[in-house]
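Basis for what follows: all heavy atoms, side chains included, without hydrogens, waters or symmetry-related copies.
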Amino acid sequence: MTTVITHNRRRSRLSDLIDQPGGLSTVIALKQARANLSEVEGESVDLVSEAIQKLSELPAPQTVEEVSEALLNAYRLTTDIIDSAGPFDRDDLCRAATNLCDLLDGSPTDRMFDWRIITVHAQSFRLLLNLPLEEKAARQQVLDSLKEVLRAKLGG
């Protein structure tokens, strides 16, 4: 003998609201999001500039014991650049910053680090930030040069 239990399901108020027409279309929502982002793009540029300045002012480690902390500080500032530039389609800055993050991740902390790498990347970030967006070839050349640094320092 099989017993079947049935009950009336109540619809929630939320499901009633979802089923009603009147929401935003995806196209309109994306346009509004872009408009909202454009309002804070200047603030993003300021945050990127500030992170670049702090990165360029980081003191080079003087002893092997200081290397780990110095690399961590550089890594944090570099991820700040990615966080601030990413929402504004600044892929060039994000790729350059990712390049430095890869270098920092792959660098041993039990020996001295060539701090000129940080200086070169900070200068490259500044150049990418200030180059006109239509200068695609110049941007690519900067990114290619940074990739060469990565290959030279970490191989492959």
Side-chain angles (χ1 to χ4, degrees), residues 12 14-15 17-18 22-156:
S12 71
L14 178 60
S15 66
L17 287 173
I18 290 172
L24 292 177
S25 73
T26 305
V27 172
I28 292 172
L30 286 173
K31 282 182 183 177
Q32 288 177 348
R34 282 190 198 100
N36 291 339
L37 274 176
S38 69
E39 291 176 12
V40 294
E41 189 167 6
E43 186 178 332
S44 165
V45 170
D46 292 344
L47 290 171
V48 170
S49 294
E50 182 181 324
I52 293 169
Q53 187 62 36
K54 287 179 180 177
L55 184 67
S56 67
E57 293 171 353
L58 276 180
Q62 301 302 307
T63 66
V64 172
E65 292 76 25
E66 295 175 353
V67 169
S68 182
E69 184 68 24
L71 295 181
L72 184 60
N73 289 334
Y75 192 91
R76 284 185 192 129
L77 289 168
T78 304
T79 59
D80 287 348
I81 292 169
I82 295 170
D83 292 344
S84 298
F88 300 95
D89 295 327
R90 292 304 306 264
D91 295 336
D92 53 346
L93 278 167
C94 292
R95 286 177 34 212
T98 300
N99 191 77
L100 180 54
C101 285
D102 291 345
L103 251 164
L104 296 170
D105 276 341
S107 296
T109 57
D110 60 348
R111 60 180 171 217
M112 293 305 287
F113 180 81
D114 185 355
W115 206 251
R116 295 174 298 178
I117 292 170
I118 302 294
T119 304
V120 165
H121 275 79
Q123 291 169 346
S124 298
F125 296 151
R126 198 170 281 121
L127 178 60
L128 289 169
L129 185 63
N130 293 318
L131 270 172
L133 291 175
E134 50 282 348
E135 294 285 337
K136 294 182 190 304
R139 291 175 180 289
Q140 191 58 52
Q141 186 176 8
V142 171
L143 293 171
D144 291 344
S145 297
L146 293 176
K147 277 289 183 200
E148 285 301 315
V149 172
L150 179 68
R151 275 190 221 106
K153 291 298 179 182
L154 298 182

What are the two closest non-hydrogen atoms of [X] and [Y], and how far apart are they?
| X | Y | result |
| --- | --- | --- |
| C101 | T78 | SG-CG2, 3.6 Å |
| W115 | P61 | CE3-CD, 3.4 Å |
| H121 | V149 | CE1-CG1, 4.4 Å |
| L77 | A51 | O-CB, 3.9 Å |
| P108 | V67 | O-CG1, 4.2 Å |
| D92 | L143 | O-CD2, 3.4 Å |

Q.
Check this for me: does any side-chain nitrogen of one of E57 and K54 sit under 4.0 Å from a carboxylate oxygen of the other?
A. no
Do [X] and [Y] make a side-chain contact, defined as non-hydrogen atoms from C-beta onward lying under 4.5 Å apart?
| X | Y | result |
| --- | --- | --- |
| L100 | I81 | no |
| E69 | N73 | yes |
| Y75 | T79 | yes |
| L133 | R90 | yes |
| F125 | V48 | no |
| E66 | P59 | no |

Output the distance between atom [atom1] ([X]) and atom [atom2] ([Y]), rounded to the nearest 0.5 Å.
| X | Y | atom1 | atom2 | value |
| --- | --- | --- | --- | --- |
| L131 | S124 | CG | OG | 10.5 Å |
| R76 | L55 | CZ | CG | 13.5 Å |
| R116 | Q123 | CZ | CD | 12.5 Å |
| L128 | L93 | CG | CG | 5.5 Å |
| L58 | T119 | CG | OG1 | 9.5 Å |
| R139 | D144 | CZ | CG | 13.5 Å |

Q. Judged by atom type as modelled, is there a donor-acceptor pair below 3.5 Å linking the side chain of S44 to the main-chain atoms of S84?
A. yes
Q. Out of I117, D114, T98, which residue meets the side-chain contact (heavy atoms from CB on, under 4.5 Å) rule with L103?
A. I117
**Q.** Of all pairs that satisfy salt bridge (charged side-chain N to carboxylate O under 4.0 Å, His left out), the ones with a partner from residues 102-112, not counting sequence neighbours
**A.**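 Applying salt bridge (charged side-chain N to carboxylate O under 4.0 Å, His left out) to every pair that reaches into residues 102-112, excluding sequence neighbours, yields nothing.
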Q) Got a sec: does the CD of Q141 have more than 12 other heavy atoms crowding it under 6.0 Å? A) no
